[in-house]
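Working notes, beginning with the structure itself.
Basis for what follows: all heavy atoms, side chains included, without hydrogens, waters or symmetry-related copies. None of the values given here were measured: they were computed from a predicted structure.
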Amino acid sequence: MLFITGPLYSGKRTFAKPFGGRQIYEVQTLAANAESLPALADELAQYDVVTATEVGGGVVPMDPAQRAAREAAGRLACLLAERADCVVQMFCGLTTVLKGELPPC
């Protein structure tokens with residue numbers, strides 16, 4: 001599985017599309033309502049490409065539910081990175097391979 005993470009509008013989806021296969025985007029939104037983050041990560045690891053937006057930077061929300069959702073999203077990203085063959089961080093359209101090697105397009 002190729003896991004791509006980075007801030008909003010950093011080019012994650014555009015970068016992911018040429019790799020083909022089963023792809024799922026913006027999985028950080030699934031974390032807040034997950035009963036089990038490890039089970040969700042196992043399910044998502046069955047995709048060929050998974051993208052998640054980094055949501056932990058910036059101002060900490062006052063609302064406890066929003067803080068919990070951010071925490072869950074960050075923990076899910078860690079679990080996905082652990083399961084991934086390749087982890088890529090996108091920033092301003094530029095890629096940095098953090099783990100493994102990029103698969104062929």
Nearest heavy-atom pair of [X] and [Y]: which atoms, and what distance?
X	Y	value
V49	A16	CG1-CB, 3.7 Å
L79	A41	CB-CB, 3.7 Å
G20	D48	O-CB, 4.2 Å
A34	L40	CB-CD2, 3.8 Å
V60	R70	CA-NH1, 4.3 Å
A52	V27	CB-CG2, 3.8 Å

(message) Any non-hydrogen side-chain atom of R67 less than 4.5 Å from a side-chain atom of E71?
(response)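 Not in contact.
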(message) In the structure I gave you, are the side-chain heavy atoms of L76 and L44 within less than 4.5 Å of one another anywhere?
(response)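 L76 vs L44: side chains touch.
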Taking a hydrophobic cluster as the set of Ile, Leu, Val, Met, Phe, Trp and Tyr residues connected by side-chain heavy atoms closer than 4.5 Å, whether directly or through intermediates, do [X] and [Y] fall within one such cluster?
X	Y	answer
F3	L30	yes
M1	L37	yes
I4	L102	yes

(request) Mind jotting down which residue pairs meet the side-chain hydrogen bond (donor to acceptor under 3.5 Å, both in side chains) criterion with at least one end in residues 86-105? Sequence neighbours excluded, please. (result)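 Counting only pairs at least two positions apart or across chains, the side-chain hydrogen bond (donor to acceptor under 3.5 Å, both in side chains) contacts touching residues 86-105 are E54-Q89.
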(request) Starting at CD1 of I24, measure out to CD of E43 and round the result to the nearest 0.5 Å. (result)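 If we round to the nearest 0.5 Å, I24:CD1 and E43:CD are 7.5 Å apart.
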(request) Look at atom CG of D63 and say whether more than 12 heavy atoms of other residues, nucleotides or ligands are closer to it than 6.0 Å. (result)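 Yes, because the 6.0 Å sphere around CG of D63 holds more than 12 heavy atoms from other groups.
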(message) With a 6.0 Å cut-off (strictly less than), is the heavy-atom count around CZ of R83, excluding the residue itself, greater than 12?
(response)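 Yes.
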(request) Show your working on side-chain contact (heavy atoms from CB on, under 4.5 Å) between T5 and Q28 and close with a plain yes or no. (result) CA-CA 10 Å; T5 186; Q28 77 283 348; over 6 Å; no
(message) Going by ring pair (Phe, Tyr, Trp, His ring centres under 6.0 Å), name the pairs with one or both residues in residues 19-64, residues two or more places apart or in two chains.
(response)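 For residues 19-64, and leaving out neighbouring residues, the ring pair (Phe, Tyr, Trp, His ring centres under 6.0 Å) pairs sorted by first residue read F15-F19.
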(request) Could you list all the ring pair (Phe, Tyr, Trp, His ring centres under 6.0 Å) pairs where at least one residue sits in residues 74-105, not counting sequence neighbours? (result)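 Residue pairs with at least one partner in residues 74-105: there are none.
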(request) Let me see the working for T51 and R13 under side-chain contact (heavy atoms from CB on, under 4.5 Å), right down to the final yes or no. (result) CA-CA 7 Å; T51 71; R13 193 175 297 210; 5.9 Å; no
(request) Verify, without hydrogens or angle tests, whether K12 (side chain) and P7 (backbone) share a donor-acceptor contact under 3.5 angstrom. (result)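 Yes: the side chain of K12 pairs with the backbone of P7.
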